[in-house]
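All residue numbers in this chain count up from 1 along the given sequence. Heavy atoms only: backbone and side chains are in, while hydrogens, waters and symmetry mates are out. Just so it is clear, the model here is predicted, and its values are computed rather than measured.
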Amino acid sequence: MKRFVYINDESCQNDYCDNRISNTKYNLLNFLPKNLWEQFRRFMNQYFLLIACLQLWSLITPVNPASTWGPLIIIFAVSATKEAWDDYNRYISDKQANEKEVWVVKNGARKHIQAQDIRVGNIVWIRENEEVPCDLVLLGTSEPQGLCHIETAALDGETDLKTRVSPPPCVGLEFEQLHRIKGVIECPIPDKDIRRFDANIRLFPPFIDNDICPLTINNTLLQSCYLRNTEWACGVAVYTGNKTKLGMSRGVPEPKLTAMDAMIDKLTGAIFLFQLTVVVVLGAAGNVWKDIEARKQWYVKYDDNEPWYQILVIPLRFELLCSIMIPISIKVSLDFVKSLYAKFIDWDEDMYDLENNTPAHAANTAISEDLGQVEYILTDKTGTLTENKMIFRRCCVGGTFYGNECGDALTDVELLNAIANNSPHVIKFLTVMSLCNTVIPIKSPSGSVFYKAQSQDEDALVNAAANLHMVLVSKNGNNAEIHFNLQVMRYEILDILEFTSDRKRMSVVVLDCQSGKIFLLSKGADEAMLPCAYSGQQTKTFVDAVDKYAQLGLRTLCLGWRELESEEYTEWSQSFKEANSALIDREWRVAEVCQKLEHSLEILGVSAIEDRLQDGVPETIEILRQSGINFWMLTGDKQNTAIQIALLCNLISSEPKGQLLHINGRTQDEVARSLERVLLTMRITSSEPKELAFVVDGWALEIILTHYTEAFTELAVLSKTALCCRVTPSQKAQLVKLLKSCDYRTLAIGDGGNDVRMIQQADIGVGISGREGLQAARAADYSIGKFRFLKRLILVHGRYSYNRTAFLSQYSFYKSLLICFIQILFSFLSGIAGTSLFNSVSLMAYNVFYTSIPVLTTVLDKDLSEKTVMQNPEILLYCQAGSNLNILVDFSIQVLLLVGLVAHCTMQSLFS
């Protein structure tokens, strides 16, 4: 499906919706029926509505109907009021956004209108620091090259500025021409993918003679972004209102069912079946007593010709009396206390990150007790366990190692001498470091240059090159300027082959403005770069360098370079343009074209970047493992790097205390044999005190998840620790799903956009507000500033929430059964006629107010000090998934005691 957007043509603007944003769930007409429908979708509400309706039948009701209708209406009113208040706040927020004033082009002139009146095809003008009101295709900016900078923090959480560029046909258009521009944009129907926009633009004469130009996400300004460091920009609206990419991404996430909720549902079902049994038995006994004994009593008068339904009167009376077995207020009570538990997390000063001024936040208020039942934690590495502050430490260029002696290549005398002597390999290496990136250089008022980078690795490489005198001074459009030892080097960036998780590398094609030569500059993972080396190049030194740096826990990248012939580039450029113009399978076609160019590279060297552990990570992992929680580390890094980080943070133990088993292989048979060997070792040594863990790379993991899921599931059950390396975001989510299928309670924690799928898949998602942005924190149920706060989140908040919720649930059922058994006991003493012991006022007060006592008790409960919990983490084992049996056992004991009490009182009444 396609959408055709006619630029600046008002006759075609009524085909699509306007820019009115609406995130409200209700309106004045549908609020009452829609809200009641949603509330009555729950079994408990349906049950209590049935009971309330039965009480309207005066023949069977033993109490005033108000005793049930009153609490039911109050509970429904509280829930409806909460929904109405939340929806009203959404309405106010929408109203403010819709009525914001914006500039659009009307009849060749700019006019002020409200944002809600923007139509598809309108040309919208934005000034510096203003918010983008809808999804636009950029047409022009105040910069001659058609560039602008935007901040996308409100969209994807990334705080670094991004560069957006006008399509080539629009570059250089004058101010007045932009008012009169005409053309058509062919784009996909609205979707929620904020990283893709596969479209084409064609301008009508006299601007350009119907030439089709491809558009990508780099040619767009998406809703809720802010224009920065650019005086003005203008673009044509392609998606408006709730059909923008941000609007399509909005929605209510699927609710997560906690283990406690599942247990309460099972208890409710069991009590309901027990209640039916009691009703049948007592109803039959009541009818028998009526026919045998009651008719003999002089004071009881029964009509001999009773209608057929009289046999149902006594059972239905007992149904109404026993309905109190299921507490009507438990749902509201649990929702209230869970909201307070979430506030306790928000208010916890001990989880406040002073470095980044970031408090802990509970976005999901319904699953706090599950924090105390976590069995598996699946964690990212970079930015989660480490600081994500990249520092260039070592490198290997042309077979020579730099930085090995002093631990810092930037101060290595040998490297500095090689730069001073203009060593060709070193100069090429530094050039690739400076140019092969998407970094934006910005000049400060003092004249110094600093960089805005989307990747911390790129930031480290560009700053390291600058410290080694290869300074990237500016990027204006496709032109880049580098200063090196008083020389000015200018390059034109012809094409950018963007990084993808499948290719695991990025490249740029540049034209050297001095020599006129065209070069391909590439960088990426060793397994993606080394196979692309030209035939005959000796890469063993680079393989050894990668292994050596990985053993030191450093992140490695291989850098390469190749000179291109003009004919080769011209032919490839045409194919690249055609692939970028495709509206179907564009990503696959672009990857295929990139593959045709990225070969026969001269591998220049290997860079090694340090990413230090966060403070408190080893201690946090150690204490959580003592509490019975298993850890899996899922990372995109190389295997040796992941192993060294895992050793540093106490995730695995070295020999002889621990043993690490490797699952490797490139073919299906190799992986099958390796997996079977590891599985056999796990089975044999599972009873030994030795700590076993396994490590698997992304290639082998893909084969396993496709062909050997059952065997890997068994391995997951046996293993307490795992390291999964070179994994993609989809593989992370698959691993979480696999552990959930084994009925384990999982927690996923990460800090970047590549962790979002894993976080959303887990029972509990925790995001770290890190240097990679806020994507993970926004998608998560809980967000924290540092990994070490996870210890307090689980051991303190999780345990308290679990114990308090368990107590409240037990108490709610206990007091309901207690009152019900008192009613049943009274029935035995009053002729089994279904007569109520309590009056209507007492029952109403009981239903509405009696719950406040356990609510206050659970909120204020602190049976063990936080210090005790931290010092004895094994007490958390009580709270984990298997301990749901404790609730059931405690509850069963209380029921047996009540049954015994009833039997005892009954026997006493009979013998008296």
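- Side chain of Asp781 to main chain of Gly765: a donor-acceptor pair is present (N/O by atom type, distance under 3.5 Å, no hydrogens or angles).
- Phe694 and Phe712 have their aromatic ring centers within a separation under 6.0 angstrom.
- Looking at Thr400, its side chain never comes within 3.5 Å of a backbone N or O of Cys396 through a donor-acceptor pair.
- The line from OH of Tyr376 to OG of Ser719 is 6.5 Å long, rounded to the nearest 0.5 Å.
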Discussion item. Phe631 vs Ile652, test: side-chain contact (heavy atoms from CB on, under 4.5 Å). Steps then yes/no.
Written reply: CA-CA 9 Å; Phe631 270 87; Ile652 59 176; over 6 Å; no
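- Residues Ile377 and Leu790 form a side-chain contact, since some pair of their non-hydrogen atoms from C-beta on lies under 4.5 Å apart.
- Each of Arg555, Arg393, Lys389 was compared with Glu610 under the side-chain hydrogen bond (donor to acceptor under 3.5 Å, both in side chains) criterion, and only Arg393 meets it.
- Of the possible polar contacts, none joining the Asp380 side chain to the Asp755 backbone as a donor-acceptor pair under 3.5 Å is found.
- A donor-acceptor contact shorter than 3.5 Å links the side chain of Gln731 to the backbone of Gly698.
- Residues Arg625 and Glu691 are paired through a salt bridge, judged by an N-O separation under 4.0 Å between the basic side chain and the carboxylate.
- Ile784 CD1 to Asp353 CG: the interatomic distance, rounded to the nearest 0.5 Å, is 9.5 Å.
- Note that the CD1 atom of Ile609 and the CG atom of Asp457 stand 4.5 Å from one another [nearest 0.5 Å].
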Discussion item. Run Val671 and Trp699 through side-chain contact (heavy atoms from CB on, under 4.5 Å) and show every step you take.
Written reply: CA-CA 9 Å; Val671 172; Trp699 189 284; 5.6 Å; no
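- At a threshold of 4.0 Å, the pair Lys548-Asp544 does not count as salt-bridged, since none of the basic side-chain nitrogens sits closer than that to a carboxylate oxygen.
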Discussion item. Salt bridge (charged side-chain N to carboxylate O under 4.0 Å, His left out) for Asp763 and Lys737? Distances and angles first, verdict last.
Written reply: CA-CA 10 Å; Asp763 294 304; Lys737 188 175 181 180; over 6 Å; no
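- Glu355 has a carboxylate O that lies under 4.0 Å from a charged side-chain N of Lys786, or vice versa, which qualifies the two as a salt bridge.
- Remark: the backbone N or O of Phe787 is paired with a side-chain donor or acceptor of Gln614 at under 3.5 angstrom.
- A donor-acceptor pair under 3.5 Å links the side-chain atoms of Thr411 to the main chain of Asp408, judged by distance alone.
- The distance from the OG1 atom of Thr728 to the NZ atom of Lys504 is 8.0 Å, given to the nearest 0.5 Å.
- Checked for salt-bridge contact, Glu151 and Arg228 meet the test: a charged N lies under 4.0 Å from a carboxylate O.
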Worksheet item: Step by step, would you call Val439 with Asp459 a side-chain contact (heavy atoms from CB on, under 4.5 Å)?
Response: CA-CA 7 Å; Val439 170; Asp459 184 68; 5.8 Å; no
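- A salt bridge does not link Arg788 to Asp615: none of the charged nitrogens lies less than 4.0 Å from a carboxylate oxygen.
- With hydrogens and angles disregarded, a donor-acceptor distance shorter than 3.5 Å links the side chain of Lys523 to the backbone of Cys436.
- Between Tyr352 and Trp347, the distance separating the two ring centers is not shorter than 6.0 angstrom.
- A donor-acceptor pair under 3.5 Å is formed between the side chain of Thr620 and the backbone N or O of Gly616.
- Under the 3.5 Å distance criterion, the side-chain polar atoms of Tyr782 are left unmatched by any main-chain donor or acceptor of Ala777.
- Heavy atoms of other residues, nucleotides or ligands lying less than 6.0 angstrom from NE2 of His662 number more than 12.
- Taking CG of Leu715 as the start and CG of Leu661 as the end, the distance is 8.5 Å to the nearest 0.5 Å.
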Discussion item. Test side chain to side chain donor-acceptor pair (under 3.5 Å) on Ser507 and Ser522; report intermediate values, then the result.
Written reply: CA-CA 4 Å; Ser507 303; Ser522 299; 2.6 Å; yes
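- In this structure, Asn630 and Glu375 have side chains that are not in contact, with every pair of non-hydrogen atoms separated by 4.5 Å or more.
- Ion pairing between a basic and an acidic side chain is recognised when a charged N comes within 4.0 Å of a carboxylate O; Glu527 and Arg505 show no such pairing.
- Between the side chain of Lys740 and the main chain of Gln761, a donor-acceptor pair closer than 3.5 Å is present.
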Discussion item. Let's go through Leu468 and Leu416 carefully: what are the C-alpha distance in whole Å and the side-chain angles of both, what is the deciding distance for side-chain contact (heavy atoms from CB on, under 4.5 Å) to 0.1 Å, and is it a yes or a no?
Written reply: CA-CA 7 Å; Leu468 295 172; Leu416 296 176; 3.9 Å; yes
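- Within 6.0 Å of CZ on Arg612 lie no more than 12 heavy atoms contributed by other residues, nucleotides or ligands.
- His797 NE2 to Phe789 CZ: the interatomic distance, rounded to the nearest 0.5 Å, is 11.0 Å.
- In Lys720, the NZ atom is not crowded: 12 or fewer heavy atoms of neighbouring residues, nucleotides or ligands sit closer than 6.0 Å.
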